[in-house]
Number of protein chains: 2
Amino acid sequence: MSLEENYPTIMLDETDFRILKMLQNRANLTTKDLAAKVNLSTTPVFERVKKLEKAGYIKNYVAVLDAGKLNKGLMVFCNVTLKEHTREIGNQFVKDILSLKEVVECFNISGDYDFFLKILVRDMKEYQNFVLDKLGGIKNIGSAHSTFVMGEIKNSYAVPI
Amino acid sequence: MSLEENYPTIMLDETDFRILKMLQNRANLTTKDLAAKVNLSTTPVFERVKKLEKAGYIKNYVAVLDAGKLNKGLMVFCNVTLKEHTREIGNQFVKDILSLKEVVECFNISGDYDFFLKILVRDMKEYQNFVLDKLGGIKNIGSAHSTFVMGEIKNSYAVPI
DNA sequence: ACTGAAAGACGTCGAAT
DNA sequence: ATTCGACGTCTTTCAGT
């Protein structure tokens, strides 16, 4: 009964999956390109894409930028615990975290920590400032453990289908 | 002197940054839309976008799919250590990991573990099979520690600019 | 559900300021 | 570096199968 699930549920066939796979690798393929690859004319492909958008399978189209070129070449994972686990304190933490633009991902996790943050900054100095000025200003953080990314093997936003 | 840095280095102005910000939120904005938002006509905006693509600031355009709808609603972080840290064993591990479609991200990290993996699967059963059949088949893994995502607070592919 | 064609919008480029 | 204008291509729709 969640608010996000109010899309129509539809059946996808093999062609739909092929279209989704191609679009999550290159969203600027034209309908014509897609049509050629699935051996159809443009009309059914156009209608399938619209169907997939309206049904919520395709949530958005985004440009992938180069973090390093934009001076955000240091990726840090920060695992955080809260001092208390009431809903109110959790909600406040979430609200505070969402205001920090350096935090590009935040998940509530199982295990020793409560939250996992992925942070993008320019360098160590900027990360130090982030921890001291921004993370340090958030209430009810019990502990924070930083892990630094040394090398990127694979970084995809694609869903494995 | 890295291989990836062979793009021309150019200076970006405020308008370029505004265009990048908009495109990483909605890549299907038309040149016309962008032009209206930055108070220019289409031609300079078109040329700026092409410039940003050629200079490597924009690496790609992708469709963002709904993982839950596509039956990949369980996200798991898996921290892995290798038994030995030679370049050869590391390279083989990387090669093996890249062949697993469930692994959507893989980073070489500092700290207690060597690699961080983000994995998307349908449910716990599928994750169990992934660990037993796929991860378990990879040589030279010393230990693997799984953390399960219980809730998504923020999940963006955007670079904070 | 697909094909083919037709209309309109947009991307794309040249000339000009 | 931007505007204007023209052309080609793509998106989008519709009649027909």
Side-chain angles (χ1 to χ4, degrees), chain A residues 5-66 68-71 156-159 161, chain B residues 5-66 69-71 157-159 161:
Chain A
E5 295 283 341
N6 289 334
Y7 292 99
T9 302
I10 54 176
M11 272 301 237
L12 303 189
D13 63 12
E14 186 57 36
T15 303
D16 291 319
F17 282 112
R18 289 182 65 191
I19 291 172
L20 288 176
K21 273 188 224 180
M22 290 190 282
L23 285 179
Q24 75 173 343
N25 284 323
R26 290 188 52 80
N28 49 348
L29 289 174
T30 66
T31 308
K32 214 178 172 185
D33 295 333
L34 292 172
K37 298 223 185 195
V38 298
N39 295 313
L40 288 174
S41 58
T42 63
T43 307
V45 173
F46 173 75
E47 283 167 352
R48 280 168 184 267
V49 171
K50 291 299 159 198
K51 173 190 74 179
L52 292 167
E53 289 170 356
K54 282 179 181 95
Y57 289 92
I58 299 173
K59 294 200 289 185
N60 195 10
Y61 298 93
V62 302
V64 180
L65 307 188
D66 187 309
K69 276 193 183 298
L70 293 163
N71 293 321
S156 161
Y157 208 49
V159 176
I161 49 178
Chain B
E5 295 285 339
N6 288 335
Y7 292 99
T9 301
I10 53 176
M11 271 302 236
L12 304 190
D13 63 14
E14 186 57 36
T15 303
D16 291 319
F17 282 112
R18 290 182 64 190
I19 290 172
L20 288 175
K21 272 187 224 179
M22 290 190 281
L23 285 179
Q24 74 175 343
N25 284 322
R26 290 189 52 80
N28 50 348
L29 288 174
T30 66
T31 309
K32 219 179 169 182
D33 295 333
L34 292 172
K37 299 223 184 194
V38 298
N39 296 313
L40 289 174
S41 59
T42 64
T43 307
V45 173
F46 172 74
E47 282 167 354
R48 280 166 183 269
V49 172
K50 290 301 159 197
K51 174 190 74 179
L52 293 166
E53 290 171 356
K54 281 178 181 94
Y57 289 91
I58 299 173
K59 294 200 290 186
N60 195 10
Y61 297 93
V62 301
V64 180
L65 307 188
D66 187 310
K69 276 193 183 297
L70 293 162
N71 293 321
Y157 207 48
V159 177
I161 50 178

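Please read all numbers here as calculations on a predicted model, not as lab measurements. Proteins come first, then strands; the chains are lettered A, B, ... in the order of their sequence lines, and each starts at number 1.
- Residues from residues 31-52 of chain A lying near DNA chain C, meaning a heavy-atom separation below 4.0 Å, are A/Leu40, A/Ser41, A/Thr43, A/Pro44, A/Arg48 in numerical order.
- Residues passing the side chain to side chain donor-acceptor pair (under 3.5 Å) test with A/Tyr157, sequence neighbours excluded: none.
- Interface limits on DNA chain C: the 5'-most and 3'-most nucleotides within less than 4.0 Å of chain A heavy atoms are C/dC2 to C/dA5.
- Sorted by first and then second residue, the side chain to side chain donor-acceptor pair (under 3.5 Å) pairs with a member in residues 23-32 of chain B read B/Arg26-B/Asn28, B/Thr30-B/Asp33; sequence neighbours excluded.
- A/Lys50 meets the side chain to side chain donor-acceptor pair (under 3.5 Å) test with A/Glu53; sequence neighbours excluded.
- Scanning all heavy atoms of the two residues, the minimum distance from A/Val45 to A/Ala35 falls at CG2-CA, 3.6 Å.
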Residue pair A/Leu20, B/Leu70: steps toward the side-chain contact (heavy atoms from CB on, under 4.5 Å) verdict: CA-CA 10 Å; A/Leu20 288 176; B/Leu70 293 162; 3.9 Å; yes
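- You can see that DNA chain D meets the heavy atoms of chain A within a 4.0 Å-exclusive cut from D/dC10 to D/dC14, reading 5' to 3'.
- Closest heavy-atom contact between A/Tyr57 and A/Ile10: OH-O, 3.3 Å.
- Sorted by first and then second residue, the pairs that involve residues 10-24 of chain B and meet salt bridge (Lys or Arg N to Asp or Glu O under 4.0 Å), not counting sequence neighbours, are B/Asp13-B/Arg48, B/Asp16-B/Arg48, B/Asp16-B/Lys51.
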Candidate pair A/Ile58 and B/Leu65, rule side-chain contact (heavy atoms from CB on, under 4.5 Å), full reasoning: CA-CA 5 Å; A/Ile58 299 173; B/Leu65 307 188; 3.8 Å; yes
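- Heavy-atom minimum distance, B/Ala27 versus A/Ala63: CB-N, 3.5 Å.
- Closest of all the heavy-atom pairs between B/Ile161 and B/Phe17 is CD1-O, 4.2 Å.
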